[in-house]
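Working notes for the structure below.
Throughout, a chain's letter reflects where its sequence line sits, starting with A, and its residues are numbered from 1. In this text, all values refer to a predicted model and were calculated from it rather than measured experimentally.
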Amino acid sequence: MKVILPDGKELELADGASGLDAARAIGPKLAEQAVLVKVNDEPADLRLPLPDGARIRFLTTRDREDPDALYVLRHSTAHLLAEAVRRLHPGVKVAIGPPIENGFYYDFDFPAAITDADLEPIEQELQQLIAEGRTWSRDEITRDEAKARFAAEGEPYKVELVDTAEGGISLYTQGAFTDLCRGPHLQDAKPIKAVKLTSLAGAYWRGDSTKAQLTRIYGTAFFTQADLDTHLARLEEARKNDHRRLGRQLDLFHFSELSPGSPFWHPRGMVVWNVLEDLRRSENAARGYVEVRTPQIYDKELWVTSGHWEKYREHMFTFQAEEREYGLKPMNCPGHCALYSDGAWSYRDLPIRMAEAGNLHRNELSGALHGLLRVRMFAQDDAHLFVTPEQVEDEVLGCLDFGYAIYDRLGLDIKVELSTRPENKLGTDEEWDRAEAALAQALARKGLEYQVNAGDGAFYGPKIDLHMRDSLGRGWQIGTVQLDFQLPQRFGLTYQGADNVEHTPVVIHRALIGSFERFIGILLEHTGGELPVWLAPEQVRLVPVGEGHRGIAAALHDRLAAAGVRVGVDQRDETIGRRIRDAEMLRVPHVIVYGDRDSEDALPVRSRGREGVRTLSLDALVSELATL
RNA sequence: GCCGGAGUAGCUCAGCUGGCAGAGCAACCGCCUUGUAAGCGGUAGGUCACGGGUUCGAGUCCCGUCUCCGGCUCCA
C-alpha cells in the first residue's frame with residue numbers, strides 16, 4: 001500500500017501499516033515527536049492502520065499552537081488527571097473527560113465533596129505522573145467485554161457510556177488507568193510541558209439536571225510553559241475588558257442587591273442607550289416598521305392563550321390584584337397579537353411590521369444571572385411581522401439585511417445558526433419543511449455561512465440565531481429571527497385573502513440588536529470600553545487651561561453642543577495632566593486643552609488611539625464628528 | 001435552581017493560628033494656578049452582606065439567609 005505525503009510524494013508501506021510506521025519510515029525524529037496524523041485532513045491516532053492511498057500529514061510537538069495537536073495533548077492530560085485523582089481519592093468514580101476549546105475537564109463522582117484546596121495536590125500528583133513517565137496503549141474490545149471490565153472496576157458511569165457509545169469500543173491505558181475513549185492520544189506524556197488545573201464546578205451527568213451532579217475539574221495544558229504563561233496573561237487581560245468592571249469605571253451602570261439582575265443605568269450609560277434607541281427607531285421607520293406600545297401587565301388569560309402559562313410560568317413574575325391574577329410580560333409577542341386581533345386585516349395590509357422596545361421581565365434562575373449579559377429586566381429592539389406565507393422568505397431576508405446594516409456598522413463578527421424542528425414540535429412536517437426552506441433560502445440569498453443546529457428550534461417554529469462572543473470567548477445570542485405558526489392560530493389571527501377567504505398569517509419574531517443590555521455589554525467587552533465615537537457618552541471634553549479660560553470654554557461647549565456634539569467641560573481646579581488622565585480613563589474620544597495659544601480656528605485635539613495632538617478648526621472637528 | 005468560591009470605607013484591596021478595623025484611589029477642606037495620562041498637605045468616612053451560635057473576647061470559628069464570581073442546567 002502507499003500513502004501520499006504533503007509534498008505530493010508517495011510513500012510505500014507494508015499492508016496494515018500505522019501512522020507511526022509511516023512516521024518511522026520518514027524519520028526517527030518525526031516518529032518521536034509525532035502527536036497525531038491527519039488522514040485526508042481528519043485527525044487520527046498514530047496507532048491506527050492507514051487506509052491505502054490516503055493523504056497524510058503529521059502534527060508534531062512543534063505544532064504547539066495547532067488546535068488539533070492541542071486537542072490531543074489536552075485529551076491525554078485529562079486522562080492523567082483521572083489517574084491522579086484516583087490515586088489521591090480512592091473510591092472516586094470517573095465519568096467523562098474531553099478536551100475543550102481552551103483546555104479540558106474531567107467529571108468525577110467523589111465519595112466526599114472536594115474543594116478548591118484539593119486542586120493543588122491533584123495538580124502535583126498529575127505532574128508526578130508525567131515525571132514518572134506514561135505511555136498510552138490502545139486496545140479494541142467488544143462491548144460486553146468493556147461492560148464487564150468497567151462493572152468489575154465499579155465504574156457505573158463508564159458502563160453507561162459503553163451502552164450508548166457508537167461504533168467500535170476502544171480503550172486507552174496509561175499507567176494504572178484505563179479509559180473508554182475514541183482517541184486520538186499522545187504516544188507518551190513527554191510533550192505535556194505545562195499543566196494547570198483552573199477550577200472546580202458542578203456538572204450534571206449527561207447534562208441532565210434530573211441526574212446526579214458530578215464534580216468537574218477544569219484544566220489546561222500546553223506544549224511549552226511559555227504558551228501557558230501567555231494564555232494566563234491573556235485571560236488576565238480579558239478580565240480588564242469585563243463589561244461589569246468597565247460599567248463602573250466608565251460610570252455607565254451598576255447593579256444592586258435591591259434588585260438582583262436589573263441594572264441601574266447611570267446618565268452616561270443612558271446616553272449610549274438612547275443613541276442605540278435612536279438608531280433602532282430611525283432604521284425601523286426607514287424599513288416600513290410601525291411603532292406600537294402595549295401593556296406591561298396582563299391578565300393570566302392572555303398567557304393561557306399564548307401558551308406561556310403552561311410552558312413558561314415559573315420564569316414569569318406574577319401577582320394578584322383585586323382577585324385577578326396578572327403576569328408581567330416576559331416578551332412582547334402576545335401583546336402584539338392582541339393588538340393585531342383588534343383590527344380586521346386584508347392581504348393588502350400585510351406585511352405588518354410591528355415594533356416595540358418595551359421593558360421585559362423574566363425571572364431568570366439566580367445562578368444564571370451575569371452582569372448585563374443575562375438580566376431579569378431588559379428591552380429588546382423587538383418586532384413582530386405579520387405576513388402571508390408567500391412573504392416569509394422576503395421578510396426574513398429583510399430582517400437579515402436590517403441586522404447586518406447594524407452589525408457591519410459596528411464591525412461585529414456574528415456567528416449564524418439555523419435551528420430546525422425539535423422533537424416536541426407543533427405543526428406538520430410539511431409546514432416545517434416550508435419554513436426551514438424559507439429560512440435557509442433567505443440565508444443563502446444574503447450569502448451568509450451558518451451552522452445548522454438540528455432539533456434546536458422552538459416548538460412553534462424554526463429560527464435563525466445570531467451569536468457573538470464575550471471577552472472570555474463565551475457565546476451569547478444577540479439577534480434572532482423566528483418563524484411562528486402557532487401563536488397566530490392560538491390567538492385566532494386572520495386576514496382576508498384575495499380569494500375572499502380568511503387565512504392565518506405567519507408571525508416572524510425578530511430582534512437584531514437583541515436586548516440593549518446584552519448588546520451594550522458585548523460592545524463594551526469587544527471595544528475594551530472604547531465605544532465608537534458615535535456611541536460614546538461624551539465625544540469631546542474641553543479642558544480650559546486656567547480660570548481665565550473657562551468663559552471661552554463654555555462658549556465653545558455651547559457651539560459644539562448646538563452642532564449636535566456630545567461635549568463636556570472639565571472646569572475642576574486640577575492640573576492639565578490630571579484632567580487629561582481622567583478623560584482618558586473615561587475613554588472620551590477627543591480631548592481639547594484650551595488656553596491662550598488657541599483659537600476656534602486652531603484647536604489642539606488629542607484623539608483616542610492616535611499619537612500626539614492634531615490642530616483642527618472647530619468646523620473641521622464638527623464635520624469629522626458628523627461623518628461618523 | 002444545583003456544585004465550588006467570595007462578600008471588610010463610594011471604588012480596588014490588605015487584615016496570619018480568635019485579642020483596639022487598615023492602605024491606595026475617590027470625597028471634603030486648604031495650598032498651588034496649571035499646556036497633553038495621577039501637584040502638595042490635611043480632614044472625614046465602617047452594623048466587617050444580613051441573622052443566629054460558640055467563646056472571657058469573633059472581620060477571623062460554626063449554622064442559616066441574601067448577593068456576587070466561576071461552572072452546570074435553563075434561555076420558551
Side-chain angles (χ1 to χ4, degrees), chain A residues 100 105 107-108 110 113-119 198-218 235 239 242 244-245 248-249 251 254-261 303 306-316 330-331 333 362-371 373-375 422 424 456-461 463 465 472 474 476-477 480 482 484 486-487 509 514-515 518 541 543-549 572-586 591-598 604-608 611-614:
Chain A
I100 52 175
Y105 67 79
D107 286 346
F108 301 96
F110 284 93
I114 68 164
T115 71
D116 283 356
D118 294 299
L119 285 185
T198 48
S199 64
L200 204 58
Y204 298 108
W205 170 235
R206 310 228 110 178
D208 184 339
S209 61
T210 64
K211 295 192 169 146
Q213 185 152 32
L214 307 173
T215 302
R216 176 169 297 178
I217 297 177
Y218 282 93
L235 282 183
R239 229 175 61 82
D242 187 313
R244 292 164 294 196
R245 177 189 167 109
R248 204 171 262 295
Q249 187 185 333
D251 194 17
H254 81 270
F255 287 90
S256 159
E257 290 194 16
L258 293 172
S259 184
W303 307 113
S306 70
H308 290 101
W309 201 256
E310 188 200 346
K311 293 231 174 211
Y312 197 70
R313 186 179 173 183
E314 71 275 22
H315 292 297
M316 287 175 61
M331 61 236 341
C333 356
R362 298 183 184 181
N363 193 5
E364 300 286 358
L365 292 175
S366 56
L369 299 176
H370 186 101
L373 303 185
R374 190 73 173 272
V375 286
N424 65 340
D456 266 1
F459 66 90
Y460 51 71
K463 57 180 182 171
D465 284 334
L472 287 177
R474 295 173 288 214
W476 299 89
Q477 182 184 303
T480 186
Q482 308 186 353
D484 191 339
Q486 292 307 314
L487 215 48
H509 305 255
S515 96
R518 180 176 290 180
R541 175 167 288 195
V543 178
V545 172
E547 273 178 62
H549 306 108
R572 286 178 306 162
D573 188 15
E574 293 285 354
T575 60
I576 304 288
R578 174 47 179 272
R579 283 180 285 169
I580 286 172
R581 177 171 196 274
D582 288 348
E584 297 274 345
M585 297 296 280
L586 286 170
V591 181
I592 299 172
V593 175
Y594 196 94
D596 288 337
R597 307 175 199 160
D598 312 296
V605 182
R606 177 194 171 96
S607 301
R608 199 177 64 194
E611 284 287 310
V613 174
R614 288 181 293 166

Give the intermediate values and the outcome of salt bridge (Lys or Arg N to Asp or Glu O under 4.0 Å) for residues A/R606 and A/E584.
-> CA-CA 10 Å; A/R606 177 194 171 96; A/E584 297 274 345; 2.6 Å; yes
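The interatomic distance linking A/H370 (NE2) with B/rC74 (P) rounds to 18 Å, in whole Å. Residue A/R608 contributes atom CZ, which lies 17 Å from atom P of B/rA37 at whole-angstrom precision.
A/R216 and A/Y218 share a donor-acceptor pair across their side chains, judged by distance under 3.5 Å alone. With 3.5 Å as the limit, one finds no donor-acceptor pair spanning the side chains of A/D598 and A/H549.
Here the side chain of A/R578 is nearest to one of B/rG1, B/rG39, B/rG7, namely B/rG39.
The residue A/R244 sits close only to the backbone: its heavy atoms come under 4.0 Å of sugar-phosphate atoms, none of a base. Across all strands shown, A/T115 has heavy atoms under 4.0 Å from sugar-phosphate atoms exclusively, and none from any base. Within 4.0 Å of A/D596, counting heavy atoms only, lies at least one base atom of the nucleic acid. Using a 4.0 Å heavy-atom cutoff across all strands shown, A/G548 reaches no nucleic acid atom at all.
The C1' atoms of B/rU12 and B/rC29 are separated by 25 Å, rounded to the nearest whole Å. Here, B/rG39 and B/rG24 have their P atoms 16 Å apart, quoted to the whole Å.
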